[in-house]
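Order of listing sets the numbers, starting from 1, for every ligand and every atom in it. All residue numbers in this chain count up from 1 along the given sequence.
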Amino acid sequence: MADFKYAFFEGKITNLIDAKVSIMTNAIQYGTGVFGGIRGYYNKADNSISVFRLNDHYKRFLSSVAILGCRFPYSVEELVEIHKDLLIKNAPNCNSYFRPFAYVGNTKLGPNLADVELSFALYMIPLEEYLPVDKGLNLMVSSWRRVSDNSIPSRGKFSGTYMNSALARKEANDNGFDEAILLSENGNVSEGSAENIFIIRDGVLVTPPITDDVLEGITRRTVIQIATDIGIKVVERSIDRSELYVSDEVFLTGTGCQVAWVNSIDRRIIGNGKIGELSSRLQKEYFATVHGQVDKYSSWCTKVSV
Ligand code: PMP
C-alpha cells in the first residue's frame, strides 16, 4: 500500500515528499531523537479511525522529551490536535500507524543536547500486522544485552536505543527466528526488540518490572489492566532466562505486534505449542478493546471521522 500523502513537518502539514532534512542533521548522525508509535484502527461501517490511547502515547512521548531535558514547543493537547488534523487530511481507509518524532534538528558537529529546542515531525503509514499474531512466534534469547537505564534511559523511546534493538533483531532473523528477547545487563529477562514480554505460570500473569530496563509500554499497561479486570492475578517481578522455558504460556505486547503468542524460545516449545487459554483470552479482549468494542475501555479510543 502506498504511503499517505501528507506529513506534519516544520510547523505545518506538508507533502510527505517535501518533509526532508539534511544529512548533517544531529539526530541522524547521533540518534538524538525521541519517537512514538501509535495505531489507528479503521472502521468501515462509519468511515472512522479509532486511535488507541492517543493521549497516553503523547504523555510518554513528552516524558522521553523531559528525560532529554531539551525545550519542546508542544503540549500533549497540542500534539493531539496536530495528530487529528493530519489524520483527517490523509483520510485513510485502512488500519494506520503514526510515527511522531522529536529530534535535534540542527547541523552542528558533536552530540549535544544543551540549549537545544527539539523539532517535531509526524507521519503515518498503512499498517496491518507487524509480527504474526496467529502462528506463534519462534524467539531466541539474544547475545546482546538490553541497554541499561543508566546508559540510555530504557523506560523512554529514544532513537539511538534502537541500534541495540536492531542488533538483536538481526541476530534473531539471521538465525531463522522471528524475534529476539534481550536480557538486562544483570541477566534478567527484559523485553523484545520492540515488545514487552509476559509469561503465564499456574494461572498467574508475570511480567518484568520497568526497573529491569524495560520500556514503559502502553500495551503492557493495557494488558495488565484488562487481565486484572477479568480476575487474572498479575505480578511484576524479575524473570530468569530459564523460567521462560518452563512457562505455560508466553506472549509479547506492543503497539506494533499487539498481543502475539510465542510458540518456542531457543527451540524449546512453550506449553503444548499452541496458543494458551489465557493468551487467547487476553488477545481477543485486546482486539475488541482497540476496535472500540468494549464499553468500559471506550475512553482509550479516540474516534476520528475520516
Ligand atoms: N519495548 C520496546 C523496546 C519498544 O520499542 C516498544 C514499542 N513501542 C515496546 C516495548 C512496546 O511499547 P508500546 O506497547 O507502548 O508500543
Side-chain angles (χ1 to χ4, degrees), residues 31 33-41 51-65 67 76 83 95-102 124-125 127 129-131 133 137 139 141-142 144-149 151-172 178-185 188-199 207-227 236 239 250-260 262 282-283 285-287 289-290 297 300-301:
V34 164
F35 66 98
I38 304 170
R39 267 191 192 264
Y41 294 86
V51 186
F52 193 58
R53 302 196 73 162
L54 182 57
N55 286 56
D56 292 326
H57 274 282
Y58 281 115
K59 268 190 215 156
R60 182 182 67 195
F61 187 73
L62 289 191
S63 300
S64 295
V65 167
I67 291 172
V76 168
H83 191 108
N95 294 333
S96 308
Y97 179 85
F98 305 84
R99 170 55 58 82
F101 183 39
M124 49 192 280
I125 55 170
L127 187 69
E129 284 187 352
Y130 172 73
L131 286 172
V133 291
L137 301 172
L139 310 184
V141 174
S142 181
W144 296 96
R145 293 296 170 103
R146 167 79 177 155
V147 68
S148 83
D149 197 63
S151 299
I152 303 176
S154 36
R155 70 182 58 250
K157 219 166 150 55
F158 302 103
S159 303
T161 310
Y162 285 79
M163 178 55 96
N164 181 232
S165 295
L167 287 168
R169 183 101 194 234
K170 172 176 166 49
E171 182 185 36
D178 297 304
E179 180 54 295
I181 300 170
L182 290 96
L183 306 180
S184 64
E185 278 297 352
N188 296 324
V189 171
S190 183
E191 59 180 343
S193 75
E195 307 85 17
N196 294 115
I197 189 164
F198 286 82
I199 65 169
T207 194
I210 297 296
T211 45
D212 278 344
D213 298 328
V214 169
L215 181 108
E216 292 186 346
I218 310 269
T219 320
R220 176 183 181 278
R221 261 161 61 198
T222 303
V223 166
I224 290 174
Q225 182 74 54
I226 292 173
E236 292 181 55
I239 297 171
V250 177
F251 61 85
L252 301 179
T253 64
T255 300
C257 82
Q258 308 174 97
V259 175
V262 173
L282 289 167
Q283 193 187 56
E285 190 72 6
Y286 180 78
F287 282 120
T289 299
V290 295
Y297 305 129
W300 284 341
C301 301

Worksheet item: Under 4.0 Å from any heavy atom of Gly254, which atoms of ligand 1 are there?
Response: 11 (C), 14 (O), 16 (O)

Worksheet item: How close does the nearest protein non-hydrogen atom get to atom 14 (O) of ligand 1, and which residue and atom is it?
Response: Thr219 OG1, 2.5 Å

Fill in: Atoms of ligand 1 close to Ser193 [distance to a heavy atom under 4.0 angstrom, numbered from 1]
3 (C)

Discussion item. Would Arg220 count as being in polar contact with ligand 1, using the rule that some N or O on each side must be under 3.5 angstrom apart?
Written reply: no

Worksheet item: Which of the atoms of ligand 1 are close to Ile218, meaning less than 4.0 Å from one of its heavy atoms?
Response: 13 (P), 14 (O), 15 (O)

Practice prompt. Taking the side chain as every heavy atom from C-beta outward, state whether Arg221 and Ile224 have any atom pair closer than 4.5 Å.
Written response: no

Item to complete: Assess the side chains of Ser154 and Arg146: does a donor N or O sit below 3.5 Å from an acceptor N or O?
Response: no

Response to the item:
In this structure, atom 1 (N) of ligand 1 is nearest to the protein heavy atom Glu191 OE1, 2.7 Å

Item to complete: State the atoms of ligand 1, each with its element, that fall below the 4.0 Å cut-off from a heavy-atom position in Tyr162.
Response: 2 (C), 3 (C), 4 (C), 5 (O)

Discussion item. Is it the case that ligand 1 has an N or O less than 3.5 angstrom from some N or O of Arg146?
Written reply: no

Worksheet item: Looking at side-chain heavy atoms only, is the closest gap between His57 and Ile218 below 4.5 Å?
Response: yes

Fill in: Candidate list Glu191, Gln225, Glu236, Glu195, test side chain to side chain contact (heavy atoms under 4.5 Å, CB included), partner Arg220, passing option
Glu236

Worksheet item: Is Ser165 close to ligand 1, meaning an N/O of one under 3.5 Å from an N/O of the other?
Response: no

Worksheet item: For atom 15 (O) of ligand 1, what's the nearest protein heavy atom and its distance?
Response: Arg60 NH1, 2.6 Å

